[in-house]
Amino acid sequence: MQQEIIDWYETNGRNLPWRQPGFTPWGALVSEFMLQQTPVARVIPRLEEWLERWPTPAALAAAPAGDAVRAWANLGYPRRALWLHACAVTIVRDYSGNVPNDVDALLALPGVGSYTARAVAVFAFGAHEPVVDTNIRRVIARHTLGQAEPGPPREKADMEAMRELLPEPTISPTFNIGVMELGALVCTARNPQCEACPIRATCAWRTAGYPEYEGAVKARQKKYEGSDRQVRGAILAVLRDAPSAVHRSAIDDAWPDAAGRGRALEGLLQDGLVVLEESDIFGLPS
DNA sequence: TATGCGTGGAC
DNA sequence: TGTCCAAGCAT
(Lines give C-alpha, C1' and ligand atoms only; values in the text may rest on other atoms or scores of the structure.)
Protein backbone atom coordinates (compact mmCIF):
# COMPACT_ATOMS: atom_id res chain seq x y z
CA MET A 1 0.00 0.00 0.00
CA GLN A 2 3.01 2.29 0.35
CA GLN A 3 3.37 2.92 -3.37
CA GLU A 4 -0.37 3.42 -3.82
CA ILE A 5 -0.35 6.15 -1.19
CA ILE A 6 2.72 7.85 -2.62
CA ASP A 7 1.27 7.81 -6.14
CA TRP A 8 -2.04 9.13 -4.87
CA TYR A 9 -0.29 11.90 -2.97
CA GLU A 10 1.81 12.97 -5.94
CA THR A 11 -1.41 13.51 -7.89
CA ASN A 12 -3.84 14.65 -5.22
CA GLY A 13 -1.77 16.33 -2.50
CA ARG A 14 -2.51 19.99 -1.91
CA ASN A 15 -0.03 22.72 -2.81
CA LEU A 16 0.22 24.07 0.72
CA PRO A 17 2.76 26.79 1.54
CA TRP A 18 4.87 24.51 3.71
CA ARG A 19 5.23 22.06 0.85
CA GLN A 20 6.78 24.56 -1.56
CA PRO A 21 10.44 24.12 -2.52
CA GLY A 22 12.74 26.24 -0.41
CA PHE A 23 10.42 26.38 2.58
CA THR A 24 12.75 26.69 5.56
CA PRO A 25 13.00 24.51 8.67
CA TRP A 26 11.94 27.56 10.66
CA GLY A 27 8.87 27.86 8.47
CA ALA A 28 8.19 24.19 9.09
CA LEU A 29 8.40 24.67 12.85
CA VAL A 30 6.12 27.72 12.77
CA SER A 31 3.60 25.97 10.55
CA GLU A 32 3.52 22.88 12.75
CA PHE A 33 2.89 25.00 15.82
CA MET A 34 0.04 26.79 14.11
CA LEU A 35 -1.43 23.55 12.80
CA GLN A 36 -1.70 22.01 16.26
CA GLN A 37 -5.50 21.78 16.54
CA THR A 38 -6.11 24.65 14.12
CA PRO A 39 -7.48 24.00 10.61
CA VAL A 40 -5.26 24.55 7.57
CA ALA A 41 -7.44 27.26 6.04
CA ARG A 42 -7.17 29.44 9.11
CA VAL A 43 -3.43 28.91 9.45
CA ILE A 44 -2.31 29.93 5.97
CA PRO A 45 -2.78 33.72 6.14
CA ARG A 46 -1.35 34.00 9.67
CA LEU A 47 1.64 31.88 8.70
CA GLU A 48 2.48 34.03 5.72
CA GLU A 49 2.28 37.22 7.78
CA TRP A 50 4.38 35.65 10.51
CA LEU A 51 7.20 34.51 8.24
CA GLU A 52 7.31 37.80 6.42
CA ARG A 53 7.70 39.59 9.73
CA TRP A 54 9.96 37.04 11.42
CA PRO A 55 11.73 35.06 8.69
CA THR A 56 14.23 33.53 11.12
CA PRO A 57 14.33 32.39 14.74
CA ALA A 58 16.65 35.32 15.49
CA ALA A 59 14.09 37.80 14.20
CA LEU A 60 11.38 36.44 16.47
CA ALA A 61 13.72 36.08 19.44
CA ALA A 62 14.51 39.78 19.18
CA ALA A 63 10.84 40.74 19.46
CA PRO A 64 8.80 40.91 22.67
CA ALA A 65 6.79 37.77 23.39
CA GLY A 66 3.68 39.93 23.44
CA ASP A 67 4.18 40.74 19.76
CA ALA A 68 4.03 37.02 19.06
CA VAL A 69 0.80 36.73 21.03
CA ARG A 70 -0.67 39.63 19.03
CA ALA A 71 0.39 38.15 15.70
CA TRP A 72 -1.14 34.85 16.76
CA ALA A 73 -4.46 36.65 16.48
CA ASN A 74 -7.42 34.29 16.64
CA LEU A 75 -5.64 31.01 15.90
CA GLY A 76 -6.57 29.75 19.35
CA TYR A 77 -4.51 28.21 22.15
CA PRO A 78 -2.33 31.32 22.43
CA ARG A 79 0.13 29.59 24.74
CA ARG A 80 1.52 28.21 21.49
CA ALA A 81 2.65 31.72 20.55
CA LEU A 82 4.50 32.01 23.84
CA TRP A 83 6.10 28.62 23.39
CA LEU A 84 7.09 29.39 19.82
CA HIS A 85 8.76 32.58 20.97
CA ALA A 86 10.59 30.61 23.65
CA CYS A 87 11.67 28.12 20.97
CA ALA A 88 13.19 30.98 18.98
CA VAL A 89 15.10 32.22 22.01
CA THR A 90 16.45 28.74 22.72
CA ILE A 91 17.35 28.12 19.07
CA VAL A 92 19.36 31.34 18.97
CA ARG A 93 21.07 30.64 22.27
CA ASP A 94 21.80 26.93 21.85
CA TYR A 95 21.82 26.27 18.11
CA SER A 96 23.29 29.41 16.56
CA GLY A 97 19.88 30.36 15.26
CA ASN A 98 19.36 27.17 13.26
CA VAL A 99 16.40 24.88 13.92
CA PRO A 100 17.88 21.57 15.14
CA ASN A 101 17.34 18.54 12.92
CA ASP A 102 17.53 15.97 15.70
CA VAL A 103 14.32 14.55 17.17
CA ASP A 104 15.58 14.64 20.75
CA ALA A 105 16.78 18.22 20.45
CA LEU A 106 13.44 19.22 18.96
CA LEU A 107 11.57 17.40 21.72
CA ALA A 108 13.39 19.45 24.31
CA LEU A 109 11.94 22.69 22.91
CA PRO A 110 8.90 24.15 24.68
CA GLY A 111 5.58 23.22 23.08
CA VAL A 112 7.23 20.60 20.88
CA GLY A 113 5.90 17.12 21.51
CA SER A 114 6.13 13.77 19.79
CA TYR A 115 4.21 14.82 16.70
CA THR A 116 5.81 18.21 16.10
CA ALA A 117 9.36 16.99 16.71
CA ARG A 118 9.03 14.22 14.13
CA ALA A 119 7.08 16.34 11.69
CA VAL A 120 9.91 18.89 11.60
CA ALA A 121 12.61 16.21 11.44
CA VAL A 122 10.83 14.43 8.60
CA PHE A 123 9.31 17.24 6.56
CA ALA A 124 12.11 19.79 6.92
CA PHE A 125 15.10 17.48 7.11
CA GLY A 126 13.98 14.24 5.47
CA ALA A 127 14.47 12.04 8.52
CA HIS A 128 13.47 8.38 8.38
CA GLU A 129 11.06 8.50 11.30
CA PRO A 130 7.40 7.66 11.81
CA VAL A 131 5.14 10.68 12.13
CA VAL A 132 1.95 10.01 14.06
CA ASP A 133 -0.89 12.47 14.08
CA THR A 134 -4.63 12.10 14.38
CA ASN A 135 -5.02 11.54 10.61
CA ILE A 136 -2.41 8.80 10.53
CA ARG A 137 -3.88 7.13 13.59
CA ARG A 138 -7.26 7.05 11.88
CA VAL A 139 -5.88 5.59 8.64
CA ILE A 140 -4.04 2.86 10.53
CA ALA A 141 -7.10 2.13 12.67
CA ARG A 142 -9.23 1.58 9.60
CA HIS A 143 -6.87 0.08 7.07
CA THR A 144 -4.79 -2.10 9.36
CA LEU A 145 -6.92 -2.68 12.46
CA GLY A 146 -10.29 -2.76 10.72
CA GLN A 147 -11.99 -0.43 13.18
CA ALA A 148 -13.80 2.82 12.55
CA GLU A 149 -11.79 4.94 14.96
CA PRO A 150 -8.42 4.78 16.63
CA GLY A 151 -8.57 4.12 20.34
CA PRO A 152 -7.03 6.51 22.82
CA PRO A 153 -3.46 7.48 21.85
CA ARG A 154 -0.82 4.94 22.85
CA GLU A 155 2.31 6.74 21.84
CA LYS A 156 4.67 3.80 21.78
CA ALA A 157 2.28 1.41 20.05
CA ASP A 158 1.10 4.04 17.56
CA MET A 159 4.66 4.90 16.64
CA GLU A 160 5.63 1.26 16.18
CA ALA A 161 2.60 0.64 14.00
CA MET A 162 3.63 3.51 11.72
CA ARG A 163 7.29 2.55 11.80
CA GLU A 164 6.41 -0.89 10.49
CA LEU A 165 4.67 0.65 7.51
CA LEU A 166 7.56 2.93 6.53
CA PRO A 167 9.10 2.19 3.13
CA GLU A 168 12.77 2.75 2.37
CA PRO A 169 14.33 5.94 3.77
CA THR A 170 14.48 7.81 0.45
CA ILE A 171 10.70 7.81 0.18
CA SER A 172 9.54 7.49 3.79
CA PRO A 173 9.02 11.26 4.24
CA THR A 174 6.69 11.31 1.24
CA PHE A 175 4.89 8.28 2.60
CA ASN A 176 4.45 9.98 5.98
CA ILE A 177 2.95 13.08 4.44
CA GLY A 178 0.91 10.98 2.05
CA VAL A 179 -0.79 9.05 4.84
CA MET A 180 -1.51 12.31 6.65
CA GLU A 181 -2.96 13.82 3.51
CA LEU A 182 -5.07 10.73 2.90
CA GLY A 183 -6.51 11.06 6.40
CA ALA A 184 -7.14 14.76 5.86
CA LEU A 185 -8.83 14.49 2.47
CA VAL A 186 -10.25 10.98 2.02
CA CYS A 187 -10.13 8.87 5.19
CA THR A 188 -11.82 11.63 7.18
CA ALA A 189 -13.44 11.42 10.58
CA ARG A 190 -16.88 12.11 9.14
CA ASN A 191 -18.10 10.96 5.72
CA PRO A 192 -14.94 9.25 4.51
CA GLN A 193 -14.64 9.11 0.73
CA CYS A 194 -13.89 5.41 0.46
CA GLU A 195 -14.60 5.26 -3.27
CA ALA A 196 -11.72 7.66 -3.84
CA CYS A 197 -9.32 5.83 -1.56
CA PRO A 198 -6.16 4.43 -3.18
CA ILE A 199 -5.90 1.62 -0.60
CA ARG A 200 -9.53 0.57 -0.39
CA ALA A 201 -8.69 -2.84 -1.85
CA THR A 202 -6.66 -3.74 1.22
CA CYS A 203 -8.66 -1.86 3.83
CA ALA A 204 -9.59 -4.12 6.74
CA TRP A 205 -12.41 -1.85 7.83
CA ARG A 206 -13.97 -1.98 4.37
CA THR A 207 -13.49 -5.75 4.18
CA ALA A 208 -15.24 -6.12 7.51
CA GLY A 209 -18.23 -4.15 6.26
CA TYR A 210 -17.52 -0.85 8.05
CA PRO A 211 -18.39 -1.98 11.60
CA GLU A 212 -19.10 0.75 14.10
CA TYR A 213 -16.48 1.52 16.68
CA GLU A 214 -16.70 -0.76 19.71
CA GLY A 215 -14.07 0.78 21.96
CA ALA A 216 -14.34 3.25 24.79
CA VAL A 217 -16.39 6.33 24.06
CA LYS A 218 -14.44 9.54 23.85
CA ALA A 219 -14.94 12.07 26.60
CA ARG A 220 -17.50 14.56 25.44
CA GLN A 221 -16.17 17.99 24.75
CA LYS A 222 -17.14 20.41 27.45
CA LYS A 223 -19.43 23.23 26.53
CA TYR A 224 -17.46 26.25 25.36
CA GLU A 225 -20.18 28.83 25.86
CA GLY A 226 -19.62 30.41 29.26
CA SER A 227 -16.52 28.35 30.01
CA ASP A 228 -13.33 29.68 31.53
CA ARG A 229 -11.76 29.13 28.15
CA GLN A 230 -14.16 31.54 26.58
CA VAL A 231 -13.46 34.09 29.28
CA ARG A 232 -9.71 33.73 28.80
CA GLY A 233 -10.24 34.29 25.10
CA ALA A 234 -12.33 37.39 25.72
CA ILE A 235 -9.77 38.91 28.08
CA LEU A 236 -6.86 38.17 25.79
CA ALA A 237 -8.73 39.62 22.82
CA VAL A 238 -8.97 42.93 24.70
CA LEU A 239 -5.22 42.94 25.32
CA ARG A 240 -4.40 41.91 21.74
CA ASP A 241 -6.51 44.69 20.32
CA ALA A 242 -5.16 47.36 22.64
CA PRO A 243 -2.02 49.20 21.52
CA SER A 244 -0.55 49.04 25.02
CA ALA A 245 -1.35 47.98 28.56
CA VAL A 246 -4.90 48.44 29.80
CA HIS A 247 -6.58 49.28 33.08
CA ARG A 248 -8.43 46.60 35.00
CA SER A 249 -11.69 48.29 34.06
CA ALA A 250 -11.15 47.34 30.40
CA ILE A 251 -10.82 43.71 31.45
CA ASP A 252 -13.91 44.00 33.62
CA ASP A 253 -15.81 45.12 30.53
CA ALA A 254 -14.70 42.01 28.65
CA TRP A 255 -16.86 39.65 30.69
CA PRO A 256 -19.79 40.24 33.00
CA ASP A 257 -19.28 37.48 35.58
CA ALA A 258 -16.69 38.52 38.13
CA ALA A 259 -15.93 35.05 39.44
CA GLY A 260 -15.21 33.56 36.04
CA ARG A 261 -13.28 36.65 35.08
CA GLY A 262 -11.12 36.31 38.17
CA ARG A 263 -10.32 32.67 37.47
CA ALA A 264 -9.51 33.39 33.85
CA LEU A 265 -7.27 36.35 34.61
CA GLU A 266 -5.43 34.40 37.27
CA GLY A 267 -4.87 31.59 34.80
CA LEU A 268 -3.59 33.96 32.14
CA LEU A 269 -1.16 35.53 34.62
CA GLN A 270 -0.06 32.06 35.69
CA ASP A 271 0.57 31.09 32.08
CA GLY A 272 2.52 34.27 31.38
CA LEU A 273 0.11 35.36 28.67
CA VAL A 274 -0.77 38.43 30.72
CA VAL A 275 1.52 40.40 33.01
CA LEU A 276 0.72 42.87 35.77
CA GLU A 277 2.72 45.94 34.80
CA GLU A 278 1.73 48.07 37.74
CA SER A 279 -1.21 48.25 40.09
CA ASP A 280 -4.37 47.50 38.07
CA ILE A 281 -2.50 47.80 34.76
CA PHE A 282 -2.29 44.65 32.64
CA GLY A 283 -0.41 43.99 29.43
CA LEU A 284 1.01 41.34 27.17
CA PRO A 285 4.46 39.98 28.08
CA SER A 286 7.56 41.82 26.95
C1' DT B 1 -4.16 8.84 31.75
C1' DA B 2 -7.65 12.52 31.85
C1' DT B 3 -8.20 17.08 31.61
C1' DG B 4 -7.59 21.99 30.37
C1' DC B 5 -6.45 24.82 26.82
C1' DG B 6 -9.37 28.82 21.73
C1' DT B 7 -11.71 29.42 17.81
C1' DG B 8 -14.73 28.89 14.10
C1' DG B 9 -16.62 26.04 10.27
C1' DA B 10 -19.57 22.06 8.85
C1' DC B 11 -23.61 19.57 9.25
C1' DT C 1 -30.07 24.56 17.22
C1' DG C 2 -26.05 21.75 19.46
C1' DT C 3 -22.37 18.76 18.50
C1' DC C 4 -18.26 17.38 16.46
C1' DC C 5 -14.07 18.29 14.68
C1' DA C 6 -9.37 20.49 13.43
C1' DA C 7 -1.19 18.39 11.48
C1' DG C 8 -1.24 18.49 20.03
C1' DC C 9 0.98 19.71 24.31
C1' DA C 10 1.71 19.98 29.24
C1' DT C 11 0.58 18.57 33.58
Side-chain angles (χ1 to χ4, degrees), chain A residues 9 13-14 16-19 27-47 69 72-84 86-87 106-124 130-139 149-159 162 173 176-185 187-192 213 216-240 254-255 260 263-264 266-268 270-273:
Chain A
Y9 174 74
R14 294 166 291 179
L16 298 169
W18 44 91
R19 295 178 184 163
L29 183 65
V30 174
S31 68
E32 293 301 342
F33 261 84
M34 290 185 172
L35 287 163
Q36 293 169 3
Q37 299 286 279
T38 301
V40 165
R42 221 182 320 155
V43 163
I44 289 173
R46 296 292 86 76
L47 175 68
V69 175
W72 200 257
N74 62 343
L75 289 178
Y77 294 151
R79 290 184 294 188
R80 290 181 291 167
L82 231 41
W83 290 331
L84 185 51
C87 280
L106 287 160
L107 276 174
L109 297 172
V112 175
S114 178
Y115 165 74
T116 302
R118 289 178 177 77
V120 171
V122 171
F123 303 149
V131 176
V132 176
D133 78 324
T134 185
N135 290 303
I136 287 178
R137 280 168 29 76
R138 188 170 53 249
V139 172
E149 296 176 27
R154 308 291 323 172
E155 191 189 326
K156 208 172 150 90
D158 293 340
M159 204 117 68
M162 186 58 180
N176 267 310
I177 194 65
V179 179
M180 277 181 70
E181 190 76 338
L182 188 67
L185 298 184
C187 193
T188 48
R190 288 179 297 193
N191 305 319
Y213 182 58
V217 277
K218 268 181 286 192
R220 288 179 78 85
Q221 196 171 350
K222 273 194 179 166
K223 196 170 82 168
Y224 181 66
E225 197 65 29
S227 66
D228 284 1
R229 288 157 87 155
Q230 185 182 28
V231 187
R232 285 171 58 106
I235 293 173
L236 206 57
V238 167
L239 290 173
R240 275 202 312 264
W255 194 259
R263 283 194 305 274
E266 185 163 351
L268 289 167
Q270 182 73 35
D271 291 344
L273 280 164

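Keep in mind the model is a prediction, meaning the values are calculated, not measured. No hydrogens, no waters, no symmetry mates; every other heavy atom, side chains included, goes into these values. Labels below follow one simple rule: chain letters A, B, ... track the order of the sequence lines, proteins then strands, and each chain is numbered from 1.
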**Student:** Reading DNA chain B 5' to 3', which nucleotide is the first, and which the last, to come under 4.0 Å of any heavy atom in chain A?
**Tutor:** B:dT1 to B:dG9

**Student:** Under 4.0 angstrom, heavy atoms only, what part of the nucleic acid is A:Thr188 near: base, sugar-phosphate, or nothing?
**Tutor:** nothing

**Student:** Look only at the side chain of A:Arg46 and the backbone of A:Leu75, and say whether a donor-acceptor pair between them is shorter than 3.5 Å.
**Tutor:** no

**Student:** Could you tell me whether a side-chain N or O of A:Trp83 sits under 3.5 Å from a main-chain N or O of A:Cys87, the two making a donor and an acceptor?
**Tutor:** no

**Student:** Do the side chain of A:Asp271 and the main chain of A:Leu273 share a donor and acceptor less than 3.5 angstrom apart?
**Tutor:** no

**Student:** Would you mind classifying the nucleic acid contact of A:Pro153 as base, sugar-phosphate or nothing, using non-hydrogen atoms under 4.0 angstrom?
**Tutor:** nothing

**Student:** Could you go through A:Gln37 and A:Tyr77, starting from their C-alpha distance and side-chain angles, then the distance that decides it, and tell me whether this counts as side-chain contact (heavy atoms from CB on, under 4.5 Å)?
**Tutor:** CA-CA 9 Å; A:Gln37 299 286 279; A:Tyr77 294 151; 3.8 Å; yes

**Student:** Hey, is the main chain of A:Arg14 close enough, under 3.5 Å, to the side chain of A:Arg19 for a donor-acceptor pair?
**Tutor:** yes

**Student:** Counting heavy atoms not belonging to A:Arg154, are there more than 12 under 6.0 Å from its CZ?
**Tutor:** no

**Student:** When you check the phosphate oxygens OP1 and OP2 of C:dG8, does a side-chain N or O of A:Arg80 lie under 4.0 Å from one of them?
**Tutor:** no

**Student:** For A:Ala28, is there any backbone N or O sitting under 3.5 Å from a side-chain donor or acceptor partner on A:Ser31?
**Tutor:** yes

**Student:** Return yes if some donor-acceptor pair links the side-chain N/O of A:Arg80 with the main-chain N/O of A:Phe33 below 3.5 Å, else return no.
**Tutor:** yes

**Student:** Determine the contact category for A:Lys223: base if any of its heavy atoms lies under 4.0 Å from a base atom, sugar-phosphate if only primed atoms, P, OP1 or OP2 are that close, otherwise nothing.
**Tutor:** nothing

**Student:** For A:Leu236, report the nucleic acid contact type (base, sugar-phosphate, nothing); a contact means any heavy atom under 4.0 Å.
**Tutor:** nothing

**Student:** Nearest whole angstrom, please: distance from the P of C:dG2 to the OH of A:Tyr224.
**Tutor:** 16 Å

**Student:** If you take any heavy atom closer than 4.0 Å to DNA chain B, which residues from residues 37-47 of chain A end up in contact?
**Tutor:** A:Gln37, A:Thr38, A:Arg42

**Student:** Using atom C1' in both nucleotides, what's the gap between C:dA10 and B:dT1 to the nearest angstrom?
**Tutor:** 13 Å

**Student:** Start with the C-alpha distance between A:Glu155 and A:Ser114, add both sets of side-chain angles, then the distance that settles side-chain hydrogen bond (donor to acceptor under 3.5 Å, both in side chains), and finish with yes or no.
**Tutor:** CA-CA 8 Å; A:Glu155 191 189 326; A:Ser114 178; 3.2 Å; yes

**Student:** Quick one: A:Leu82 CG to C:dC9 P, roughly how many Å, whole number?
**Tutor:** 17 Å

**Student:** Judged by atom type as modelled, is there a donor-acceptor pair below 3.5 Å linking the side chain of A:Arg138 to the main-chain atoms of A:Cys187?
**Tutor:** yes

**Student:** So which one's nearest nucleotide on DNA chain C is more toward 5', A:Glu149 or A:Gly111?
**Tutor:** A:Glu149

**Student:** Expressed as a whole number of angstroms, how long is the span from A:Glu155:CD to C:dA10:P?
**Tutor:** 11 Å

**Student:** Verify side-chain contact (heavy atoms from CB on, under 4.5 Å) between A:Val30 and A:Leu84, making sure each step is shown before the conclusion.
**Tutor:** CA-CA 7 Å; A:Val30 174; A:Leu84 185 51; 4.1 Å; yes

**Student:** Report the distance from atom CG of A:Leu273 to atom P of C:dC9, rounded to the nearest whole Å.
**Tutor:** 18 Å

**Student:** Tell me what A:Ser227 touches on the nucleic acid: a base, only sugar-phosphate, or nothing, going by heavy atoms under 4.0 Å.
**Tutor:** nothing

**Student:** Check the distance between C:dA7's P and A:Arg19's CZ and give it to me in whole angstrom.
**Tutor:** 11 Å

**Student:** Between A:Val40 and A:Ile44, is a side-chain contact (heavy atoms from CB on, under 4.5 Å) present by the stated rule, with each step listed?
**Tutor:** CA-CA 6 Å; A:Val40 165; A:Ile44 289 173; 3.9 Å; yes

**Student:** What's the CG-P distance between A:Leu84 and C:dA7, to the nearest Å?
**Tutor:** 20 Å

**Student:** Please report the distance separating the C1' of C:dA6 from the corresponding atom of B:dG6, rounded so that it comes out in whole Å.
**Tutor:** 12 Å

**Student:** A:Arg138 side chain N/O closer than 4.0 Å to the phosphate oxygens (OP1, OP2) of C:dA6?
**Tutor:** yes

**Student:** Specify the residues of residues 28-36 of chain A, ordered by number, for which at least one heavy atom lies under 4.0 angstrom from an atom of DNA chain B.
**Tutor:** none

**Student:** Under 4.0 angstrom, heavy atoms only, what part of the nucleic acid is A:Leu16 near: base, sugar-phosphate, or nothing?
**Tutor:** base

**Student:** From CD of A:Glu225 over to P of C:dT3, roughly how many Å is that when rounded to an integer?
**Tutor:** 12 Å

**Student:** In whole Å, I'd like the distance from the CG atom of A:Asp133 to the P atom of C:dG8.
**Tutor:** 6 Å

**Student:** So what does A:Val112 touch, heavy atoms closer than 4.0 Å: a base, only the sugar-phosphate, or nothing?
**Tutor:** sugar-phosphate

**Student:** When you measure from the side chain of A:Asp228 to the backbone of A:Ala264, do you find a donor-acceptor pair of N or O atoms at a distance under 3.5 Å?
**Tutor:** no

**Student:** Please compare A:Asp271 and A:Arg190 by the position of their nearest nucleotide in DNA chain B and report the one closer to 5'.
**Tutor:** A:Asp271

**Student:** Which is true for A:Ala189 with a 4.0 Å heavy-atom rule: it touches a base, it touches only sugar-phosphate, or it touches nothing?
**Tutor:** sugar-phosphate

